[in-house]
Enquirer: 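Can you read through this structure? Questions will come right after.
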Amino acid sequence: MMSDLSNRILCSSSNTDGTESPILAESDSDKPKVKYGELVILGYNGFLPQGDRGRRRSKFVLYKRTDPNGVKRSKHYIVQSPQTSQAILDTKQHSISYTLSRNQAVIVEYKEDPNQDMFQVGRSSENPIDFVVMDTQPGDKKDNKATQSTISRFACRILVDRAETSKARIYAAGFDSSRNIFLGEKATKWQDNVEIDGLTTNGVLIMHPEGQFCGGSGKCGLWRECSVGGDVFSLRESRSAQQKGIPVFNESNILQDGTLIDLCGATLLWRSAEGLHNSPTKRDLEKLVDEINAGRPQCPVGLNTLVIPRKVTLGEHVNQPYVYLNCGHVQGHHDWGQDKSTGARRCPMCLEMGPVVTLCMGIEPAFYVDSGPPTYAFNPCGHMATEKTVKYWANVDIPHGTNGFQAVCPFCATPLEGNPGYIKLIFQDNLD
């Protein structure tokens with residue numbers, strides 16, 4: 001009879017469909033894990049609509065591995081036919097192949113680095129990928145239709161120093177099942193002195209915040225591109241242009257708390273362990289919702305008590321609050337002041353005409369920059385958050401398409417509308 005431990009090991013390593021991962025298997029040790037940080041996908045309010053499963057989830061926690069799996073650059077050489085070279089054929093040897101022409105390539109071999117842990121992110125559900133990331137659709141994701149993805153199957157890799165755990169470095173491209181990275185003939189590549197480097201087709205963009213992300217004083221920084229070798233460059237003219245950007249020597253590929261990583265189809269937020277320690281927890285946010293509900297906010301028309309949900313459910317509840325996006329007054333569902341031709345409504349409190357949307361709490365704690373009360377909401381989706389959090393994200397331009405940018409709600413990825421893209425909420429509460 002197979003033991004429980006054997007069952008767990010088999011379950012965690014046999015699937016390659018992205019539903020399980022060895023890294024997420026139960027640990028036999030009672031020792032607390034060392035947490036490096038979290039990667040959180042923008043556009044999800046705490047979970048995927050189909051549910052978090054294995055390596056497919058809305059966020060991925062990076063823990064110190066039991067055994068290090070880091071690699072570092074070792075040697076490089078030119079070969080005539082890379083597909084048949086020993087380094088490429090050896091499935092135990094990590095290597096990067098830079099194709100220069102049909103019959104010439106530079107092979108860079110990597111050797112084991114016991115001082116680092118490596119984590120890989122991409123669209124592929126093959127075993128080397130720790131965090132499987134699919135394209136993020138804005139807004140309600142209940143009817144997600146599969147579209148042709150622009151995210152690379154092996155998009156990027158992150159190496160964390162096992163001793164200096166705050167040093168997590170990001171590199172474009174990840175190693176495949178044969179431990180290889182191939183940069184084809186058309187990929188942007190260059191050679192400086194003896195070192196060779198390159199960019200992936202749609203690139204890996206990073207944006208470090210200016211100032212502290214946690215605390216509410218930070219601001220949006222400039223978007224940069226990270227190379228396969230980990231160097232930092234200004235953006236190309238368009239996402240997949242052949243010409244690389246200008247080297248940026250005063251910035252590095254070391255992730256900061258609040259660094260954004262764009263994979264051309266999904267944007268990830270890096271939260272360091274220290275930053276998360278100073279941020280609100282999910283329970284803290286739930287308490288804030290409970291406090292507002294304890295004030296028994298009322299609808300001035302229906303005179304019924306409103307209840308703010310932690311997440312919008314399919315069957316809208318009779319006590320579901322709505323917000324008028326032009327004035328911020330929070331009310332219940334009613335037909336007063338409705339313009340049936342446009343769908344707009346006149347607010348019975350201030351007579352302002354405008355759109356109305358359901359109100360819902362932004363419950364993913366990683367997106368919060370402070371721990372204040374949730375007194376603001378994003379326009380037009382109605383996700384509630386703190387004043388500083390809403391104002392921070394309203395000023396962050398997220399890459400969109402080949403060379404566009406737009407501010408979005410971090411909880412649902414809906415592009416923000418109007419200026420400033422959010423509204424202060426006005427409740428009729430504590431009336432007793």
Enquirer: Is the CD atom of Q242 crowded by more than 12 outside heavy atoms at less than 6.0 Å?
Expert: yes
Enquirer: Stepwise, does the side-chain contact (heavy atoms from CB on, under 4.5 Å) test hold for M353 with N326?
Expert: CA-CA 7 Å; M353 200 77 180; N326 281 356; 5.9 Å; no
Enquirer: For the residue pair F411 and F367, is the inter-centroid distance of their aromatic rings smaller than 6.0 Å?
Expert: yes
Enquirer: Do N202 and T150 have a side chain donor and acceptor closer than 3.5 Å?
Expert: no
Enquirer: For R123 and S152, which I'm curious about, is there any donor-acceptor pair between the side chains at under 3.5 Å?
Expert: no
Enquirer: Mark yes or no: R296 above the aromatic ring of F427, with NZ or CZ under 6.0 Å from the six-membered ring centre and no more than 45 degrees from the axis.
Expert: no
Enquirer: Going by atom types only, do D117 and Y36 share a side-chain donor-acceptor pair under 3.5 Å?
Expert: yes
Enquirer: Using the side chain to side chain contact (heavy atoms under 4.5 Å, CB included) definition, which of the options V204, V248, D231, L205 pairs with R224?
Expert: V248
Enquirer: Are the side chain of Q320 and the backbone N or O of L359 linked by a donor-acceptor pair below 3.5 Å?
Expert: yes
Enquirer: Which heavy atom of M361 sits nearest a heavy atom of H383, and at what distance?
Expert: O-CD2, 4.2 Å
Enquirer: Which pair of non-hydrogen atoms, one from A266 and one from V133, has the smallest distance, and what is that distance?
Expert: CB-CG1, 3.6 Å
Enquirer: Are the side chain of D52 and the backbone of S58 linked by a donor-acceptor contact shorter than 3.5 Å?
Expert: yes
Enquirer: Give a yes or no on whether the backbone of V307 and the side-chain of N293 come within a donor-acceptor separation of less than 3.5 Å.
Expert: no
Enquirer: Do the side chain of R53 and the main chain of R57 share a donor and acceptor less than 3.5 angstrom apart?
Expert: no
Enquirer: Do any N or O atoms from the side chain of R162 and from the backbone of G70 form a donor-acceptor pair under 3.5 angstrom?
Expert: no
Enquirer: Is atom NZ of K64 surrounded by more than 12 heavy atoms (other residues, nucleotides or ligands) closer than 6.0 Å?
Expert: yes
Enquirer: When you measure from the side chain of H208 to the backbone N and O of S252, does any donor-acceptor pair fall under 3.5 Å?
Expert: yes
Enquirer: Just jot down the salt bridge (Lys or Arg N to Asp or Glu O under 4.0 Å) partners of K189, sequence neighbours excluded, or say none.
Expert: none
Enquirer: Could you please spell out the steps behind the side chain to side chain donor-acceptor pair (under 3.5 Å) verdict for T99 and E185?
Expert: CA-CA 5 Å; T99 306; E185 208 174 325; over 6 Å; no
Enquirer: Can we call the ring centroids of H94 and F175 under 6.0 Å apart?
Expert: yes
Enquirer: Report yes or no: does D161 contribute a side-chain atom to a donor-acceptor pair with the main-chain N or O of T165 at less than 3.5 Å?
Expert: no
Enquirer: In terms of side-chain heavy atoms, does T375 have a donor or acceptor partner in E387 at a distance below 3.5 Å?
Expert: no
Enquirer: Should the heavy atoms of other residues, nucleotides or ligands under 6.0 Å from NE2 of H400 be counted, would the total exceed 12?
Expert: no
Enquirer: Between F60 and F131, how do the two ring planes meet: parallel, tilted or perpendicular, split at 30° and 60°?
Expert: parallel
Enquirer: Please report the closest heavy-atom contact between L183 and T188, naming both atoms and the distance.
Expert: CD2-O, 4.3 Å
Enquirer: Is the F233-W190 ring centre distance short of 6.0 angstrom?
Expert: yes
